[in-house]
Amino acid sequence: MARLLQDTSKFHPSEWYTANRMQRASTESQKSRSECVTAESWRLVDEIEKTTQKTQSDVNKKIEQRREEIKFWKQELDNKLEQIVHETEVLLTFKNRLERALESCKEPLVVAQKCLMYRQRRVGIDLVHDEVEQELLKEAEVLQGIIALLGRTLEQTNEQIRRNRSAKYNLEMDLKDKFTALTIDDYCASLTNDTPHIIYADNAMKLEGNFVSPEDWIDFSNINVEKADKQRNNSLALKALIDSILSQTANDMRKQCEMVNVAFRNRVKEVKDAKHKLETFLAMVMDETASQEKNIAALKKAIADKEGPVKVAQTRLEARNHRPNVELCYDTVHCSLMNEVQEITKNIQRLKDALAQAEAELKRLSCRQLSLEEEIKVKENTLYIDEVLCMQMRESLYINNY
């Protein structure tokens, strides 16, 4: 009996109650945590359902927006393709018009080149790049350009047709890709959660292949459109150029020929006027030379006339420098004599300066006379070249239409 009372394997009643309370507390705590997890799970399920629906709705909207973008660019590309095809067909008709006009510019070109060659014989200051030379060079350039222009324009037309076809090819390839992409996005837009045969495609998440950014996608089609527009505009400009070449070449030649003739007439009148003025200037210079010679003689006489007064003043000063003792006074007389000598000396120097200037001017007048006489000869030579050699040759020139 004593051994039973001392058995340590049995618990005390207080421990039994404590264990029950702990079981209850643990159960209630576990139940509370479980309820929180359940509540959080339902909230998470609801949240994810809403997020999934919203995300799928956003994706559906983006797919629709993308389809509209593709449709927009597809329509743009269709329009540009139609335009470039039309322009190419029209340009082919213009090409056929460029094969008939290469033979009637040679004689005017020969005349223009001869005039330029004759005018190289001008001398001195008259060998000037004047309006006549500018118009002759322009005439030669126009004529040479017309001779080569028709052949070059035909080559340019062939090149433009090639570029149009290249732009057309780019548009067609872009349209083909747009059609494929639109077909795929149409299929994607038709898919729903209940669509049969939808599958898991984990590999679809891998960004493989040559993906481009939306900006690059827009730029690609925009570049094709801009290229097509550029070639279309180039075709329009080329057609206008061809029309201008075929209809205006003869008129341009005739107009330029008249511009040269007018420039010749104006230049001849200008040279004659210049020659007349030079002859007038020559007479003026000769008169001025005679006047300057008289002026030099008068200046020399004036300088000689001042020798007496300066000698008198200096002699007086020399004499008064010999006054004795206190009489050697710097009085008003001495001061006046000093001023007089300085004044006369200064005036003589001024006269000498004027004389030197006058003699230099006389020398320049002589040089000017020689220069004017030489320039008059230059003008006579220029008049012979322009009025006799060139203008008479150009009188027989006649521009025909072709």
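Since the model is a prediction, treat every value here as computed from it, not as a measurement.
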Which atom pair, heavy atoms only, marks the closest approach of [X] to [Y]?
{"X": "Ala263", "Y": "Val132", "answer": "O-CG2, 3.2 Å"}
{"X": "Met393", "Y": "Ser396", "answer": "O-OG, 3.0 Å"}
{"X": "Leu238", "Y": "Thr157", "answer": "CD2-CA, 3.7 Å"}
{"X": "Lys74", "Y": "Leu175", "answer": "O-CD2, 3.4 Å"}
{"X": "Ile84", "Y": "Arg232", "answer": "CD1-N, 3.9 Å"}
{"X": "Arg152", "Y": "Gly145", "answer": "NH2-O, 4.2 Å"}

| request: Please step through side chain to side chain contact (heavy atoms under 4.5 Å, CB included) for the pair Lys363 and Glu359, ending with a clear verdict. | output: CA-CA 6 Å; Lys363 186 177 180 180; Glu359 288 175 340; over 6 Å; no
| message | The criterion is side-chain contact (heavy atoms from CB on, under 4.5 Å); which residues satisfy it with Arg368, sequence neighbours excluded? | response |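 Checked Arg368 against side-chain contact (heavy atoms from CB on, under 4.5 Å); matches are Val285, Ser371, Leu372.
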Taking only Lys NZ, Arg NE, NH1 and NH2, and the carboxylate oxygens of Asp or Glu, determine whether [X] and [Y] approach each other closer than 4.0 Å.
{"X": "Lys379", "Y": "Glu375", "answer": "yes"}
{"X": "Asp243", "Y": "Arg97", "answer": "yes"}
{"X": "Glu279", "Y": "Lys275", "answer": "yes"}
{"X": "Asp58", "Y": "Lys62", "answer": "no"}
{"X": "Glu172", "Y": "Lys168", "answer": "yes"}
{"X": "Arg364", "Y": "Glu361", "answer": "yes"}
{"X": "Glu40", "Y": "Arg43", "answer": "yes"}
{"X": "Arg162", "Y": "Glu159", "answer": "yes"}
{"X": "Asp273", "Y": "Lys277", "answer": "no"}
{"X": "Lys50", "Y": "Asp46", "answer": "yes"}
{"X": "Arg122", "Y": "Glu133", "answer": "yes"}

Please check if the number of heavy atoms outside [X] that lie under 6.0 Å from its [atom1] is greater than 12.
{"X": "Gln134", "atom1": "CD", "answer": "yes"}
{"X": "Lys71", "atom1": "NZ", "answer": "yes"}
{"X": "Ile125", "atom1": "CD1", "answer": "no"}
{"X": "Lys239", "atom1": "NZ", "answer": "yes"}
{"X": "Tyr384", "atom1": "OH", "answer": "no"}
{"X": "Met173", "atom1": "CE", "answer": "yes"}

Going by atom types only, do [X] and [Y] share a side-chain donor-acceptor pair under 3.5 Å?
{"X": "Asp353", "Y": "Gln357", "answer": "no"}
{"X": "Gln256", "Y": "Asp252", "answer": "no"}
{"X": "Ser166", "Y": "Lys227", "answer": "no"}
{"X": "Asp177", "Y": "Thr180", "answer": "no"}
{"X": "Gln292", "Y": "Asn295", "answer": "yes"}
{"X": "Gln65", "Y": "Glu69", "answer": "no"}

| Between Lys300, Lys294, Glu293, which is the residue that forms a side-chain contact (heavy atoms from CB on, under 4.5 Å) with Ile296? |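 That would be Lys300; it is the only one of Lys300, Lys294, Glu293 passing the side-chain contact (heavy atoms from CB on, under 4.5 Å) with Ile296.
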Rounded to the nearest 0.5 Å, what separates atom [atom1] in [X] from atom [atom2] in [Y]?
{"X": "Leu355", "Y": "Ile303", "atom1": "CG", "atom2": "CD1", "result": "5.0 Å"}
{"X": "Leu171", "Y": "Asp78", "atom1": "CG", "atom2": "CG", "result": "9.5 Å"}
{"X": "Leu77", "Y": "Asp174", "atom1": "CG", "atom2": "CG", "result": "4.5 Å"}
{"X": "Ile184", "Y": "Phe179", "atom1": "CD1", "atom2": "CZ", "result": "10.5 Å"}
{"X": "Leu127", "Y": "Arg121", "atom1": "CG", "atom2": "CZ", "result": "13.0 Å"}

Counting N and O atoms only, with roles assigned by atom type, does the side chain of [X] sit under 3.5 Å from a partner on the main chain of [Y], one being a donor and the other an acceptor?
{"X": "Ser26", "Y": "Met22", "result": "no"}
{"X": "Ser190", "Y": "Tyr187", "result": "yes"}
{"X": "Ser291", "Y": "Asp287", "result": "no"}
{"X": "Ser221", "Y": "Ile218", "result": "no"}

| said: Checking salt bridge (Lys or Arg N to Asp or Glu O under 4.0 Å) between Arg265 and each of Glu258, Glu395, Glu270, Glu135, which is the one that passes? | reply: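 One option only clears the test, and that one is Glu258.
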| field | Test: Arg66 cationic atom under 6.0 Å from Trp217 six-membered ring centre, within 45° of axis | value |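 Satisfied, under 6.0 Å and within 45°.
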| said: Taking the six-membered ring of Phe264 as reference, does the cationic atom of Arg267 (NZ for Lys, CZ for Arg) lie under 6.0 Å from its centre and within 45° of its axis? | reply: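 Ring-cation test returns no.
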| message | Evaluate Lys230 against Glu226 for salt bridge (charged side-chain N to carboxylate O under 4.0 Å, His left out), listing each step before the verdict. | response | CA-CA 6 Å; Lys230 180 180 179 181; Glu226 288 177 353; over 6 Å; no
| message | Using the rule side chain to side chain donor-acceptor pair (under 3.5 Å), only one of Arg163, Gln160, Lys80 pairs with Gln231; which is it? | response |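 Filter result, single survivor: Gln160.
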| What's the verdict on side-chain hydrogen bond (donor to acceptor under 3.5 Å, both in side chains) for Asn60 and Glu64, showing C-alpha distance, side-chain angles and the deciding distance? | CA-CA 6 Å; Asn60 289 338; Glu64 185 60 31; over 6 Å; no
